[in-house]
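Can you read through this structure? Questions will come right after.
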Amino acid sequence: MKAKLDAANLQVTTDLCQGTPTTEILEVAQMEEISAIAISTGTIGKFQEWIGASFAAELLRLSWSPVLFFPPPC
């Protein structure tokens with residue numbers, strides 16, 4: 001994905017963090033002054049869909065940055 005975005009002349013950085021996902025994402029977003037958070041999920045069944053939706057909803061509620069959610073392909 002990074003290569004595709006680089007080809008579109010978009011600046012992309014990648015960080016690997018350990019901890020609570022929502023907390024880590026929001027902390028990095030604030031420290032790096034990002035312009036948006038993009039997330040997606042690859043679902044396997046109803047339980048995974050619920051987890052993905054819950055994670056996205058939590059980011060939407062807590063983030064001061066725009067959050068772009070890309071649903072998995074059908």
Side-chain angles (χ1 to χ4, degrees):
M1 183 55 75
K2 182 181 182 328
K4 289 181 181 180
L5 293 172
D6 284 340
N9 293 322
L10 294 171
Q11 181 181 357
V12 177
T13 58
T14 305
D15 290 312
L16 180 60
C17 301
Q18 188 173 4
T20 305
T22 304
T23 302
E24 296 299 321
I25 289 170
L26 294 174
E27 284 180 5
V28 169
Q30 184 178 16
M31 288 182 344
E32 298 293 329
E33 298 180 10
I34 59 97
S35 56
I37 299 169
I39 61 173
S40 184
T41 181
T43 61
I44 305 172
K46 295 291 182 191
F47 182 69
Q48 290 292 337
E49 290 173 15
W50 177 77
I51 290 173
S54 176
F55 177 71
E58 186 175 4
L59 273 178
L60 285 168
R61 280 193 308 274
L62 299 175
S63 179
W64 287 93
S65 302
V67 177
L68 306 171
F69 178 73
F70 296 95
C74 296

- Contacts of Ile34 that satisfy side-chain contact (heavy atoms from CB on, under 4.5 Å) - sequence neighbours left out: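 Partners of Ile34 by the side-chain contact (heavy atoms from CB on, under 4.5 Å) criterion, ordered by chain and then number, come out as Ala29, Glu32, Ile37, Ser65.
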- Sequence neighbours left out, what passes side-chain contact (heavy atoms from CB on, under 4.5 Å) with Ala3? Give chain and number order.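 Applying side-chain contact (heavy atoms from CB on, under 4.5 Å) to Ala3 gives none.
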- Please check if Leu62 and Val28 belong to a single hydrophobic cluster, counting links between Ile, Leu, Val, Met, Phe, Trp and Tyr side chain heavy atoms closer than 4.5 Å.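 No; tracing contacts between hydrophobic side chains, which count when under 4.5 Å, never links both residues.
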- Item | Heavy-atom pair of closest approach, residues Leu59 and Val67 |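 That would be O-CG2, 4.0 Å.
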- Query: According to the side-chain hydrogen bond (donor to acceptor under 3.5 Å, both in side chains) rule, which pairs have a member within residues 19-28, sequence neighbours left out?
  - Reply: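 Output for this query lists Thr22-Glu58.
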